[in-house]
Structures are given as structure tokens and as C-alpha cells.
*Asks:* 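My structure is below; once you've seen it, I'll send some questions.
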Amino acid sequence: MSRAPLDYLSRWPMRLWLAGVGLFLYLPLGALVAFSFNDSRRNIVWRGFTLDWYGKTLSDEGLMGAFGNSLTIAAVATAISLVLGTLAAVALWRFRFPGKAGLEGALGLPIVAPEICMGVAMLVFFARVLPWPTELPWPLDLGNIIIAHVSFCFPFVAVVVRARLGTFDRAQEEAARDLGADDWRAFRDVLIPHMAPALAAGALLAFTLSLDDFVITFFTAGPDTVTFPVKVYSMVRFSLTPEVNAASTLLLVLTIALTTVAVRLQGAEGTRQVMDRT
Amino acid sequence: MSEQPWSRAKGPFAVALGPPLLWLFGFFLVPMGIVWIYSLSETRGLTDVVFTGGFRNYLRTLDPLYLGVLWKSAWIAGATTLACLIAGFPVALAIAFAKGRAKTWLLILVMLPFWTNLLIRTYALMAVLRTEGLVNQAVGWLWTRAAHVLPLPAFEPLPLLHNNFAVVVGLIYVELPFMVLPLYAALDRLDRSLLEASMDLGAGRWRTLWEIAVPVALPGVVSGVIITFIPSLGSYLTPDLLGGPDSQMIANVIERQFKRANDWPFGSALSFMLMYLTFLALAAQGLWSRRRKA
């Protein structure tokens, strides 16, 4: 029996190509993980299995502090982005108002603006308009970074939630009102349950974007506040040590866990649609 | 019930639109606006910046030195985009034609690097590309084997890191998923019967691909090119960590103006040149898709 004519996947040049791209994408990450278990300072030749680097990483106060900062910033920025993004999506979906197209365009700006432009804008803003006091107690000293992160995260949440609202049957809301629900009850009991998958997906996206950000944080942060990417950046500038490998592997595991949750929630197709809009 | 006029429900409208609008205005548009005003200002003395409304900073960005940086950024971003297109198209095609679980898995495999921290990915690539890295070790091993049978000179490690090559490889590594996904989306919507008709009429597999699938996927190609090119053009971290002394891209020059050179007005003008280029690319895409629809 001959192969289906459109089954490109079964052709060997195609398989070779896919294998090549897969190797390109995963060999560096695989090597990174493997060398985090390598019993050698110099990260070049395999000398045997060890968990020492994980011990060193977990007891490295600077690195763990930076990691804690990153998780705190991501959590707070996600919570604020979720509220703002959902409100924006509902407003754009629900109401007709003058200047709507302009607002939609403006909301897309943080998504398309190059990171470096937004980074320097935050640098200037926090230097000249809203100087952030440096001696604030934790976590208030992270406030400027959180503000910057919310600014680029919440439009993504708005896009995801707005897409989900497109599938809402407005008759459901009318039914709720006919049964005596006021605006708030209709929103809470009908609209929010419908939006739930998009809220979860938007939150995960915001969390990942915040955790991942280096450039904007690098320009916003004062010298005393360090996030995980900024810390790794300064470590990488000095030398490549297995400690960075161990820390990266830990974050990689966290990322895979989060991605798994996202895929479970939305399906791969849904996650793809989110990226398609970014 | 369709969209409601805002004036019929002023309270809920204000509650819904107020907070995001204020945030967008106060913490995005105002900072960007200040940079824009700075781009039309001049530094007087050490730190004072005075608004003059002149285009001097923009004229300075057209100085051959900075035009060269802009040009270099453009060709690095262009090379990255082209390589992503070539590497990514077959992958997108494979995903579009894969079935069931294979499709889901391939999608996840392409997306996982997107979710992985940019710094970690760049660091991983550094470890692979450096002088004692995996690639050089593998090539060196093959070289020494070959030297047993062939008269080869001693192995010299390839200079894979801290040059323009490394920057392009690093950007491909980062941007490839962004190219594959829109291509996949366009190919997935492709009507299979068109391909079958083409093959029934006697066109070969590759001709069918080239003459049917590629034109139909063109909108995906355009959006893939745009979302690969724009972030590559403005990338900061990749040239900073993987590049050499002559791999400075526009973002690195902007950073220098704001941090070391302390010439904020000029840095602002460079930053807005990048914004204008971004708008230009997006407008071109919009125009293209509108003309295509008409």
C-alpha cells in the first residue's frame, strides 16, 4: 500500500529536518541540565554524578533571594494584571463608546513595543516622575518593578480574555437579568464562570512573562533589588558555573510544570491561539 | 443584545474601563511620552534636560556611525528571520499534517522553549558554542579521528561565540517558535482538497507544496516574518551576551546612552527610531493584508 499523498511526516528528508530542528532546540537545554549534575567546577568534561551544585544553589542567599523576589513580583503582577486585563476585556466587549478603536490600539502598544523602548521609558519615568524610595521594606521595594511588569502583562491578559468573551452567548446574561440578577450578580455568576479558562490561561501567561523578563527589569530596578534573571545575568557575565546550571534547571522544572498546567487547561490549540495574537 | 452604548450604563462602564485606562495612561503612555519629549530635547549642563522641539537628536541618529549600527541590526534581524522561515516551514508543515497525539506533542515541543526563561536559553547556548563547548568538542573529536587517515593540521577550535554568527544563532534559537506557530496556523486552515486536486491533476508532491501550500500560507508567512523581525531588531540580551565587540545592535547603543554615556535625549531619539521602525513594519503588514482582502 502506498503512503497517503499528503503524509509529509513519513518522508525521511522531513523526519531528518525535524530531528535537526529538535536537536537544535533541545541539545543546549539538555546539556544545561546534564551539566548541573556534573562533578566538576569547569563544566566541560563529564566527571561523575553529584547533587552538590543543587546544595550550593539552595544555600546561596543571593540567588535564593533573587528567586524569591522574582516569584513575589510575578505573583503580585499577575494578580493586578488579571484584574486590569479582565476589566479592559469586558469593557471592550460590552460597551460601545467613542474612541474605542483608539483604546484598542493603545492597549496593543505594550505588546508590540520593543522591550528596550519600554525599559528606557520605565527608567526615565522612575528617575524623573515617580522616584521610588530605595530604603523601603520588602516587598514594597519591588513596587516599581511590579508596576513595570503589570504594564506589559495586563494587555496580554486582556487579549486572552477578550478572545474567550467572543464565544459568550449574551442570552445567558439576559436570562440572569430576567431572573432578577443585577449587574454585579450577572457578572459574578454568569460571566466569570464563562471566562474562567481564559482567566487561568491569562494568569499563567502573565506569570511566565513576568518571571521571564530581563530587559525591562534591568532598566527599572535599582542597584539593590535583584531578580532571578538579573542575578543570573551578572553570574553569566563573570563565568559559566554549574551553580547557574542547577538554578536554571530548577526554574526549567517549574516552567515545565506550569506549561503542563496551561496545556491541560486550554489544550495545546488554545495555547497556540494565545501566542498567535502576541 | 449586542454592544451597549456606554451612556446607558455609566456606572459599570466607569468601573470596567477606569482602572485599566488609568494604568495604561499613567504607567505606559506617560513614560513613553516622556521619552518622546526627551527625544526632542537637549542636555544642558550635567543633568538638566531642556525641551527645544528640534530634530537634532534624530539627525544624529543618521550619522554614519549610528546608521551603521542600524544597518547591522537590520541585517542580523533579516538573516534571523530568513533562517527561521527556512527552518520553520517544514516544521509547521509537519505539525499541520500530523495527527492526534503526535500533533499535540509536536506543538508542545515547539512551545516549551517559548515558556523557558530567555536568559536560561541564552546561557545554555553559550555553554554549547564556546571554545570548549559541545559543538567544538564534537567537531574536534571527528577532526582527530579524520586526522588518523588524512593529513590534517592540528584542530583549531571554531570561533563560534562572541561574534555575529553567535548572535544570529542565538536569535534563531529564541525566535523560531514565533515563526513556526503562525505558519502552522495558516497551514492548518488549508483546504486539503486543494492539495489532492493538484496531485490528481498530475503535479508532484513538491510542486503541489510550492504552488498551492506556500501561496495559501502567505498570510502566516507575513505575520511570522513580522513577529520574528521586530523583536530581533530590538533585541538587547542576545547581542550583549553572545556578540563580540562589533556585534552591537541598536538596543545596546540605546542602553549605553542611558547608562554609561548618560545622553538621555539622544538615547530617547534612538529608542523612538526603533519605535517608528516597528510601526512602519506593522503598518506595512496591515496595508498588505487589507490589499489582499480587497
Side-chain angles (χ1 to χ4, degrees), chain A residues 5-9 14 17-18 21-22 25 27-29 31-32 43-44 84 87-88 90-91 94-97 106-107 110 112-117 120-125 147 150-151 154 170 174 183 208 212 214-215 229 232-233 236 240 244 248 251-252 255 259 263 268 271-272 275-276, chain B residues 1 3-6 12-13 16-17 19-20 23-24 27-29 31-32 34-35 38 87 90-91 93-94 97-98 104 107-109 111-120 123-128 132 134 181-182 185 192 195 199 234 236-237 241 251 254 258 264 267 271 274-275 278 282:
Chain A
L6 297 173
D7 196 2
Y8 289 100
L9 202 56
M14 186 64 128
W17 194 267
L18 281 182
V21 171
L25 286 179
L27 179 81
L29 290 177
L32 175 109
N43 227 345
I44 296 166
L84 291 176
L87 287 174
V90 170
R94 176 76 187 270
F95 297 105
R96 191 165 61 235
F97 54 93
L107 208 56
V112 300
E115 279 190 306
I116 182 84
C117 300
V120 298
M122 290 299 161
L123 171 78
V124 174
F125 181 73
I147 288 174
V150 170
S151 292
F154 93 87
R170 286 179 203 248
E174 266 177 84
D183 277 328
T208 318
D212 191 37
F214 167 75
V215 173
V232 172
Y233 176 77
V236 167
L240 306 179
V244 181
S248 302
L251 191 62
L252 209 58
T255 309
T259 313
V263 171
T271 322
R272 206 261 315 142
M275 281 194 65
D276 211 27
Chain B
M1 186 175 96
E3 285 174 356
Q4 199 177 14
W6 70 278
F13 175 70
L17 196 64
W23 193 287
L24 184 72
F27 295 132
F28 180 77
L29 295 178
M32 291 303 259
I34 296 170
V35 174
Y38 264 49
V91 177
L93 197 68
F97 284 89
T104 311
L107 268 177
I108 292 174
L109 280 177
M111 280 184 313
L112 194 60
F114 160 78
W115 294 89
T116 310
N117 195 297
L118 172 65
L119 213 91
I120 294 181
Y123 168 71
L125 208 56
M126 284 171 84
V128 170
E132 319 86 16
L134 277 184
L181 292 170
R192 306 291 150 95
L195 300 180
M199 312 249 286
Y236 169 78
L237 191 67
L241 286 179
I254 294 173
F258 275 93
W264 289 16
S271 163
L274 193 56
M275 285 292 284
T278 305
L282 290 173

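Every chain is numbered from 1 and lettered A, B, ... according to where its sequence line falls, protein lines coming before strand lines. These values consider heavy atoms only, across backbone and side chains, with no hydrogens, waters or symmetry-generated copies.
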*Asks:* Quick check on the interface: out of B/L282, B/L237, B/L29, who has the most heavy-atom pairs with chain A under 4.5 Å?
*Replies:*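 Top count of heavy-atom pairs under 4.5 Å with chain A: B/L237.
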
*Asks:* Which answer fits A/L87, side chain, backbone, both or neither, if we ask what part of it has an atom under 4.5 Å from a heavy atom of chain B?
*Replies:*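 When you check distances to chain B, atoms from both the backbone and side chain of A/L87 fall under 4.5 Å.
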
*Asks:* Which bit of A/F214 is near chain B, if near means a heavy-atom gap under 4.5 Å: side chain, backbone, both or neither?
*Replies:*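 For A/F214, side-chain heavy atoms alone lie under 4.5 Å from chain B.
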
*Asks:* Can you say whether A/F154 sits under 4.5 Å from chain B via the side chain, the backbone, both, or neither, judging by heavy atoms?
*Replies:*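 For A/F154, the side chain is the part near chain B, not the backbone.
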
*Asks:* Can you tell me how the ring of A/F95 sits relative to the ring of B/F13, calling it parallel under 30°, perpendicular over 60° and tilted otherwise?
*Replies:*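 Plane angle over 60°, so perpendicular.
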
*Asks:* Just so I understand: if I count every heavy-atom pair under 4.5 Å between each of A/V112, A/L32, A/I147, A/L107 and chain B, which residue has the most?
*Replies:*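 Of the options given, most contacts go to A/I147.
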
*Asks:* Quick one: does any side-chain atom of B/W23 pair with a main-chain N or O of A/L84 as donor and acceptor, under 3.5 Å?
*Replies:*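 Side chain of B/W23 to backbone of A/L84, a donor-acceptor pair under 3.5 Å: no, none is there.
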
*Asks:* For B/T116, is it the side chain, the backbone, both or neither that has a heavy atom under 4.5 Å from a heavy atom of chain A?
*Replies:*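 Its backbone and side chain both get close to chain A.
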
*Asks:* For B/Y236, which atoms come within 4.5 Å of any heavy atom of chain A: side chain, backbone, both, or neither?
*Replies:*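 The side chain, not the backbone.
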
*Asks:* Give the minimum heavy-atom separation between A/M14 and B/P90, together with the two atoms involved.
*Replies:*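 For A/M14 and B/P90, the tightest heavy-atom pair comes out as CE-O, 3.3 Å.
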
*Asks:* Can you give me the closest heavy-atom contact between A/C117 and B/M32, atom names plus distance?
*Replies:*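 Looking at all heavy atoms of both residues, the closest pair is O-SD, 4.0 Å.
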
*Asks:* At a 4.5 Å cut-off on heavy atoms, which part of A/V21 comes close to chain B: side chain, backbone, both, or neither?
*Replies:*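 Side chain only.
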
*Asks:* Would you indicate whether the side-chain heavy atoms of A/T255 and B/N117 approach each other to under 4.5 Å?
*Replies:*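 No; the side chains remain at least 4.5 Å from each other.
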
*Asks:* Do A/L25 and B/L109 have side chains that approach each other closer than 4.5 Å (heavy atoms only, starting at C-beta)?
*Replies:*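 Counting from C-beta outward, A/L25 and B/L109 never come under 4.5 Å.
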
*Asks:* Heavy-atom distances under 4.5 Å only: say whether B/L17 touches chain A with side chain, backbone, both or neither.
*Replies:*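 Both backbone and side chain.
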
*Asks:* Between B/V35 and A/A121, what is the shortest heavy-atom contact and its length?
*Replies:*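 What the structure gives for the nearest pair is CG2-CA, 3.4 Å.
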
*Asks:* To check you understand the geometry: which heavy-atom pair defines the closest contact between A/S151 and B/F28, and what is its length?
*Replies:*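 Shortest heavy-atom separation between A/S151 and B/F28 comes out as OG-N, 4.5 Å.
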
*Asks:* Chain B heavy atoms under 4.5 Å from A/V215: which part of the residue, side chain, backbone, both or neither?
*Replies:*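 Just its side chain gets close to chain B.
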
*Asks:* Please report the shortest heavy-atom distance between B/I254 and A/I116, naming the atom on each side.
*Replies:*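 For B/I254 and A/I116, the tightest heavy-atom pair comes out as CG2-CG1, 4.0 Å.
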
*Asks:* Using non-hydrogen atoms and a 4.5 Å limit, figure out which bit of B/L118 sits close to chain A: side chain, backbone, both or neither.
*Replies:*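 The answer is both parts of B/L118.
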
*Asks:* Decide yes or no for B/P31 and A/V124: does some side-chain heavy atom of the first lie under 4.5 Å from some side-chain heavy atom of the second?
*Replies:*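 Answer no - side chains too far apart.
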
*Asks:* Counting heavy-atom pairs under 4.5 Å with chain A, which one of B/P20, B/G267, B/P113 comes out on top?
*Replies:*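 Maximum pair count with chain A is reached by B/P20.
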
*Asks:* I need the minimum non-hydrogen distance between A/P110 and B/L24, along with the two atoms involved.
*Replies:*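 Nearest pair, atom of A/P110 first, then B/L24: CG-CD1, 4.0 Å.
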
*Asks:* Between A/V90, A/L27, A/V150, A/L123, who has the most heavy-atom pairs with chain B when the cutoff is under 4.5 Å?
*Replies:*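 Of the options given, most contacts go to A/V150.
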
*Asks:* Any chance the side chains of A/R96 and B/Q4 put a donor and an acceptor closer than 3.5 Å?
*Replies:*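 No, because no side-chain N or O of A/R96 sits under 3.5 Å from a partner of the opposite role on B/Q4.
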
*Asks:* Rounded to the nearest 0.5 Å, what separates atom CD1 in B/I120 from atom CG in A/L29?
*Replies:*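 Separation between the atoms: 8.5 Å.
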
*Asks:* In terms of heavy-atom pairs under 4.5 Å with chain A, which of B/L125, B/L112, B/I34 leads?
*Replies:*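 Of the options given, most contacts go to B/L112.
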
